[in-house]
Amino acid sequence: MTETVAYEDAVDLLDADHKAVKKLFINFNALCEDNAPADQKQPIAQRICQELTVHAQIEEEIFYPQVREAIGDDALMDDALEEHNEAKQMIAKIQAMDASDEGYDAMVKALGTLIDHHVLNEREQIFLQARNAPLDLRGMVPELFARKKQLQAEAKPAASPRKKREAA
Ligand SMILES: [Fe+2]
Ligand SMILES: [Fe+2]
């Protein structure tokens, strides 16, 4: 569990995800500008979808419920969940498409715009309030980290060169 030491607290861990996925969107946009072939764009888009799915799930399972209880702002948390649902619908559409399909690039870019907006909301409202609330954000790190690793392992059992976690 030494890797969890890299994160200051839950906000730090979640924002590291935001930064990683932002880089992937920038890569995707650069490929589009270069008129890169579909088989170069598709793996990036798939990774974006997969990372966002895992990220949203650990927020929804672990971070959001505790923040909601601590700050008592249901409207703010409901809005965030609504944005997650919008993102999930777009992710499902992207995953059902082929990168050579008409509208694929536009859909991935639209997802990027939605995520930019959502991340801004998290940074300026949810994260800020969470850090001012009586919450053990540091104590949340091991659980977030473990769940993230578990979900990633389930999502790509053989696609990663990193060592596989055998469930047997
Ligand atoms: Fe979120
Ligand atoms: Fe987030």
Side-chain angles (χ1 to χ4, degrees), residues 1 3-30 41 43-97 105-156 159-160 162:
M1 201 64 86
E3 287 173 81
T4 59
V5 177
Y7 302 107
E8 181 99 346
D9 63 13
V11 165
D12 188 37
L13 182 151
L14 293 170
D15 212 41
D17 281 354
H18 294 159
K19 287 173 191 156
V21 91
K22 179 70 189 173
K23 278 188 192 154
L24 291 172
F25 276 117
I26 289 169
N27 288 349
F28 185 88
N29 288 344
K41 289 185 285 184
I44 308 280
Q46 276 170 349
R47 229 181 113 200
I48 288 171
C49 291
Q50 195 224 337
E51 295 206 358
L52 285 175
T53 300
V54 170
H55 176 82
Q57 196 166 337
I58 62 171
E59 283 186 342
E60 289 176 24
E61 287 182 3
I62 300 162
F63 184 72
Y64 280 9
Q66 294 187 52
V67 173
R68 183 189 286 267
E69 209 189 317
I71 70 173
D73 190 339
D74 285 331
L76 178 66
M77 300 314 294
D78 288 345
D79 277 352
L81 286 177
E82 184 52 42
E83 286 169 0
H84 277 201
N85 286 338
E86 277 177 54
K88 284 176 197 173
Q89 283 170 25
M90 291 172 85
I91 287 167
K93 282 182 193 160
I94 292 164
Q95 286 175 329
M97 290 169 92
D105 294 356
M107 186 67 78
V108 176
K109 286 176 186 176
L111 178 64
T113 303
L114 176 71
I115 296 303
D116 280 345
H117 168 80
H118 178 66
V119 167
L120 206 66
N121 277 350
E122 290 192 331
R123 284 178 179 155
E124 293 186 347
Q125 310 234 18
I126 296 174
F127 290 175
L128 222 56
Q129 292 198 44
R131 277 191 165 152
N132 287 322
L135 265 173
D136 183 11
L137 292 174
R138 228 177 245 270
M140 240 186 265
V141 169
E143 194 185 353
L144 285 165
F145 187 82
R147 185 66 177 133
K148 181 179 162 180
K149 291 292 151 192
Q150 186 184 28
L151 290 168
Q152 281 175 337
E154 286 170 14
K156 48 173 179 184
S160 166
R162 277 175 289 170

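Computed from a prediction, not measured in an experiment: that's the story for all the values here. When a ligand or atom number is given, it counts from 1 through the structure's own listing order.
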Undergrad: Going by salt bridge (charged side-chain N to carboxylate O under 4.0 Å, His left out), name the pairs with one or both residues in residues 81-91, residues two or more places apart or in two chains.
TA: Glu60-Lys88
Undergrad: Is there a donor-acceptor contact under 3.5 Å linking the side chains of Tyr64 and Glu122?
TA: yes
Undergrad: Rounded to the nearest 0.5 Å, what separates atom NE2 in His55 from atom CD1 in Ile48?
TA: 14.0 Å
Undergrad: Answer yes or no: are there more than 12 heavy-atom neighbours, outside Lys109 itself, under 6.0 Å from its atom NZ?
TA: yes
Undergrad: Can you confirm whether Arg138 is buried at CZ, in the sense that more than 12 heavy atoms of other residues, nucleotides or ligands lie under 6.0 Å from that atom?
TA: no
Undergrad: Rounded to the nearest 0.5 Å, how far does CG of Leu24 lie from CZ of Arg47?
TA: 5.0 Å
Undergrad: What are the protein N/O/S atoms, named by residue and atom, that sit under 2.8 Å from the Fe ion (ligand 2)?
TA: His18 NE2, His55 NE2, Glu59 OE2, Glu122 OE1
